[in-house]
Participant: 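Pasting in a structure now, in structure tokens, and then I'll have a few things to ask.
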Amino acid sequence: MSGYGLKTIAFAAVHAVMGLLLSTAVNAQDYPTKPITLIVPWPAGGSTDLSMRAIADSASKVLGQPIVIDNKAGGSGTVGPATMAAAAKPDGYTISQIPITVFRLPLMQEVSWDPAKDFTYIVHLTGYTFGVTTSAESQFKSWKDVVEFAKANPGKVTYATPGAGTSLHIGMEQIAAMSGIKLTQVPFKGGAETNAAVLGQHTMLQADSTGWRPLVDAGKLRLLMVWTGARSPNYPDVPTLKELGYPMVYDSPFGIAGPKGMDPKIVAKLHDAFKKAVEDPAVVATLAKYDMVPNYKNTEDYKKFIVEVTESERKVIETLGLAKK
């Protein structure tokens, strides 16, 4: 091939690359031009789903495009993020809530994603108030009653969680270990199912976030403890883990991420929209309804936090003997 031909091909290749870069820059500048899908990896109707809908509605007003919720439950909150990591384009039109199980499960078992490489982290938002409930008709009037019964009946106390490897599962196993008792986990897909399990006394206890609040307020469930640093203002008579002798706070903080390789300009636009959303008084009120407190971290701080939380989770998982072999 002549030198002229090679130059022509080289010029065409450079032109194509420049065109692609220019197109990407224009797309990032105009973003978003169509609805955005936000994966919520939990069933509809739970506290995460309802709070994320409020946050998404507020963020959509900033972005000028609707944010459509896609409930992809399963895998203790990891099916949705894993599906996004495997199949979604990094164009900012598919993002997901990222529960802490995305970082924890890879320490416990083989998974299809690498939390350090397969996501573009955008913004950290908030965390949960977790609690342990029992049926109002239960013999358990306090957590002390549970411990005494469990000591006399090893393994017979059952508790519902939204999935194996969730903070509720790991937290309950830590509590059991510290108490010198054995509890039996019964995993479900989310709060609607755990509510039904404990309400129908199919399990003796429920460990979950505040999707139980309407049933507690209605007197159908009894709240035995909360896992926050201080007592809940909604339940000032309910003790915290620390008050019961367990030196722990579990709030399972979460944020938003997209697939790997997103344009930083698109990340910045999403970050700014969701930051404004968690500052929106209407969103703050919705979060308060479910005892969730805004816990904002910008993109860089969120990345640093992930490294820290992964290491702390590694220590807990190894202590409990749940680390993958």
Side-chain angles (χ1 to χ4, degrees), residues 31-102 113 119-128 162-163 166 188-195 208-214 252-259 262 266-267 269-292 294-296 302:
Y31 173 87
T33 58
K34 61 182 181 180
I36 297 163
T37 296
L38 171 59
I39 295 171
V40 174
W42 307 101
S47 59
T48 306
D49 175 67
L50 295 172
S51 61
M52 289 307 304
R53 287 177 188 273
I55 292 170
D57 182 61
S58 180
S60 70
K61 293 171 184 174
V62 179
L63 292 165
Q65 288 288 344
I67 297 178
V68 180
I69 301 297
D70 180 11
N71 295 96
K72 284 189 184 298
S76 303
T78 62
V79 167
T83 301
M84 177 189 71
K89 295 179 181 178
D91 55 8
Y93 290 103
T94 303
I95 55 178
S96 178
Q97 187 236 13
I98 302 292
I100 204 167
T101 40
V102 167
W113 70 92
F119 300 99
T120 299
Y121 295 101
I122 297 168
V123 61
H124 188 273
L125 298 174
T126 182
Y128 299 94
T166 58
F188 293 92
K189 287 186 178 180
E193 292 183 4
T194 63
N195 275 337
D208 212 333
S209 58
T210 47
W212 39 251
R213 182 174 176 182
S252 200
F254 66 81
I256 298 284
M262 287 177 60
I266 291 176
V267 172
K269 285 188 177 183
L270 286 167
H271 164 274
D272 293 350
F274 279 95
K275 179 178 185 291
K276 288 182 179 178
V278 291
E279 295 169 348
D280 182 345
V283 170
V284 172
T286 298
L287 294 177
K289 183 178 178 182
Y290 296 100
D291 282 290
M292 299 167 78
N295 183 6
Y296 161 77
Y302 187 18

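Computed from heavy atoms alone, side chains included, the values below leave out hydrogens, waters and symmetry copies. By convention here, the first residue in the shown sequence is residue 1. Everything quoted here is computed from the prediction, not taken from an experiment.
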Participant: Considering all heavy atoms of both residues, which atom of L63 and which atom of A273 are nearest to each other, and what is their separation?
Facilitator: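 Of all heavy-atom pairs spanning L63 and A273, the closest is CG-CB, 3.6 Å.
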Participant: Do you know which two heavy atoms are closest between G92 and I36, and how far apart they sit?
Facilitator: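 Looks like O-CG2, 3.7 Å.
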Participant: Hey, does Y302 have a side-chain heavy atom less than 4.5 Å from the side chain of I122?
Facilitator: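 No, side chains not in contact.
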Participant: Name all pairs fulfilling the side chain to side chain donor-acceptor pair (under 3.5 Å) condition that reach into residues 73-94, sequence neighbours left out, sorted by first residue then second.
Facilitator: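 Only T33-Y93 qualify under side chain to side chain donor-acceptor pair (under 3.5 Å).
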Participant: Looking at I55, is its backbone amide N or carbonyl O close enough to the side chain of S58 to form a donor-acceptor pair, meaning the two atoms are under 3.5 Å apart?
Facilitator: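 It does not hold such a pair.
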Participant: What distance separates T48 OG1 from L50 CG, expressed to the nearest 0.5 Å?
Facilitator: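 Answer rounded to 0.5 Å: 9.0 Å.
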Participant: Between NZ of K275 and CG of D280, what distance do you get to the nearest 0.5 Å?
Facilitator: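 Going from NZ on K275 over to CG on D280, the span is 12.5 Å.
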Participant: Ignoring hydrogens, what is the shortest heavy-atom contact between T286 and S51? Give both atom names and the distance.
Facilitator: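 What the structure gives for the nearest pair is CG2-CA, 4.3 Å.
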Participant: Under a 3.5 Å cutoff, is there a donor and acceptor pairing between the side chains of D208 and T194?
Facilitator: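 Short answer, yes.
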Participant: State, with a plain yes or no, whether a side-chain heavy atom of W42 is found less than 4.5 Å away from one of M52.
Facilitator: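 No, side chains not in contact.
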Participant: Atom CD1 in I256, atom CD1 in I98: separation rounded to 0.5 Å?
Facilitator: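 One gets 7.5 Å once the value is rounded to the nearest 0.5 Å.
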Participant: Is the count of non-hydrogen atoms from other residues, nucleotides or ligands lying under 6.0 Å from K189 atom NZ greater than 12?
Facilitator: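 Atom NZ in K189 is not crowded, with 12 or fewer foreign heavy atoms closer than 6.0 Å.
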Participant: Between Y128 and F254, is the ring centroid distance below 6.0 Å?
Facilitator: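 Yes: the rings meet the under 6.0 Å criterion.
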Participant: Going from OG1 on T37 to CE on M84, what distance comes out if it is rounded to the nearest 0.5 angstrom?
Facilitator: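 That separation rounds to 11.5 Å.
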Participant: Are L270 and M262 side-chain neighbours, meaning at least one heavy-atom pair lies under 4.5 Å?
Facilitator: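 Of all side-chain heavy-atom pairs linking M262 with L270, at least one is under 4.5 Å.
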Participant: What is the distance from atom NZ of K61 to atom NZ of K276, rounded to the nearest 0.5 Å?
Facilitator: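 Taking NZ in K61 and NZ in K276, the distance rounds to 13.5 Å.
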Participant: Could you grab the distance from atom CD1 of I95 to atom CZ of F274, nearest 0.5 Å is fine?
Facilitator: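 It is 4.0 Å, given to the nearest 0.5 Å.
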Participant: Measure the shortest side-chain to side-chain distance between Q97 and P41 over non-hydrogen atoms and say whether it is less than 4.5 angstrom.
Facilitator: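 Sidechains of P41 and Q97: in contact.
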Participant: Of all heavy-atom pairs between A277 and A59, which one has the smallest distance, and what is that distance?
Facilitator: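 Nearest pair, atom of A277 first, then A59: CB-N, 3.8 Å.
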Participant: Restricting to non-hydrogen atoms, name the atom on I69 and the atom on A56 that form the minimum distance, rounded to 0.1 Å.
Facilitator: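 It is CD1-CB, 4.0 Å.
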Participant: For the backbone of P66 and the side chain of S60, can you confirm whether one donor and one acceptor N or O come within less than 3.5 Å of each other?
Facilitator: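 Between the backbone of P66 and the side chain of S60 there is no qualifying donor-acceptor contact (under 3.5 Å).
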Participant: Would you say the side chain of V102 lies within less than 4.5 Å of the side chain of P99, judging by non-hydrogen atoms?
Facilitator: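 A side-chain contact under 4.5 Å exists here.
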Participant: If you define the side chain from C-beta out and look only at heavy atoms, does anything of Q65 sit under 4.5 Å from Y31?
Facilitator: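 They are not in contact (no side-chain heavy atoms under 4.5 Å apart), so the answer is no.
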Participant: So, are D49 and R53 salt-bridged, with charged N and O less than 4.0 Å apart?
Facilitator: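 The answer is yes: the pair qualifies as a salt bridge.
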Participant: For residues T120 and P259, report the shortest heavy-atom separation together with the two atoms involved.
Facilitator: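 Distance-wise, the nearest heavy atoms are OG1-O, 2.6 Å.
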